[in-house]
Amino acid sequence: MFHRLAAVSFGALLLTSCSGDLSTLEPGGPYAGAIADLWWIMLIGSGLILGLVLVLLALVFFKPGFGRRLSPKGWMIAGGLFLPIPVLVALMTYGMAQGEYLIGAWQREPVMARVDARSSMWRWDFRYPDLPGNLTTDGTLHIPAGGVVEVRVTSDDVVHSFWIPRLAGKIDAVPGHETVVRIKADVPGRYGGICAEYCGIGHAGMRFIVEAHAPETYRQRLNALSAGAPAP
């Protein structure tokens with residue numbers, strides 16, 4: 001009874017850890033989806049390799065004489081070269097292809113909006129160069145849902161890391177340098193963002209919110225913010 005209860009509790013814990021506002025396994029857009037796909041493929045691949053090793057180990061224990069037709073050197077070549085090299089090459093090729101997609105090398109979809117993200121101890125400020133004026137929001141990034149948003153990231157002091165787990169991968173915020181990441185939210189909603197690079201005693205609280213608005217209301221919302229209107 002205890003073992004069954006422990007197994008159920010462990011399974012529930014695993015399922016819970018795969019969801020949430022900062023979960024990379026609950027993507028809210030195609031870029032985060034590509035990262036989640038890579039994670040699942042690597043998990044399945046490593047599980048298959050582990051299964052193969054366990055089967056061979058079981059055969060050695062329960063089937064006397066198994067594998068004696070192959071010399072120790074042959075086992076080392078088969079297990080050390082012939083098995084891992086194709087697996088690693090396949091994973092590397094797929095991972096590099098996904099990386100090119102994430103930085104926009106294969107991206108044909110036009111950019112719907114551009115945002116400048118500036119980090120400092122321990123806050124995030126966002127500016128919207130496509131809009132008239134000099135609107136800046138503190139701690140909340142506003143984006144249109146359903147379109148690609150190009151975020152140009154920099155830092156005022158030390159190295160930080162810009163990360164919205166459900167929308168994209170991490171990108172460093174480097175003082176005096178500008179890095180670019182593309183994000184996309186499939187549907188309107190709120191998404192959590194954090195600094196993923198330890199930057200001092202306030203690091204744990206260096207979070208921000210992403211508000212994805214319907215495309216037809218995105219500019220209206222930013223214009224309202226620029227005019228000083230309160231949040232709805």
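Residue indices begin at 1 and follow the sequence shown.
Residues Trp163 and Leu22 fail the side-chain proximity criterion, which asks for heavy atoms closer than 4.5 Å. A heavy-atom distance below 4.5 Å is not found between the side chains of His142 and Phe126. In this structure the side chain of Val151 never reaches within 4.5 angstrom of the side chain of Ile143, judged on heavy atoms. Looking only at side-chain heavy atoms (C-beta outward), Val153 and Trp124 come within less than 4.5 Å of each other. A 4.5 Å side-chain heavy-atom check between Leu91 and Ile41 finds at least one atom pair inside the cut-off. The closest side-chain heavy-atom distance from Pro175 to Val159 is below 4.5 Å. The shortest side-chain heavy-atom distance between Ile35 and Pro27 does not fall under the 4.5 Å cut-off.
Among residues two or more places apart in sequence or in another chain, the salt bridge (Lys or Arg N to Asp or Glu O under 4.0 Å) test is passed with Asp186 by none. Remark: Asp125 pairs with Arg123 by the salt bridge (Lys or Arg N to Asp or Glu O under 4.0 Å) rule, at least two apart or across chains.
Using bins of under 30°, 30° to 60° and over 60° for the plane-to-plane angle, the ring pair Tyr218/His213 lands in the tilted bin.
In terms of modelled atom types and a separation under 3.5 Å, the side chain of Ser119 and the main chain of Thr154 share a donor-acceptor contact.
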For the pair Leu141 and Ile183, evaluate side chain to side chain contact (heavy atoms under 4.5 Å, CB included) and give the outcome as yes or no after the intermediate values. CA-CA 12 Å; Leu141 168 60; Ile183 63 176; 4.2 Å; yes
Using the rule given for side chain to side chain contact (heavy atoms under 4.5 Å, CB included), can you reason through Cys195 versus Trp122, listing the C-alpha separation, both sets of side-chain angles and the distance that settles it, and then say yes or no? CA-CA 9 Å; Cys195 173; Trp122 288 277; over 6 Å; no
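Screening Thr136, Asn134, Thr137 against Tyr128 for a side-chain hydrogen bond (donor to acceptor under 3.5 Å, both in side chains) leaves a single residue, Thr137.
Between the OG1 atom of Thr140 and the CZ atom of Arg190 there is a distance of 6.5 Å, given to the nearest 0.5 Å.
Linking Ile, Leu, Val, Met, Phe, Trp and Tyr whenever their side-chain heavy atoms come within less than 4.5 Å puts Phe208 and Leu135 in one cluster.
Atom CZ of Arg207 has 12 or fewer heavy atoms from other residues, nucleotides or ligands within 6.0 Å.
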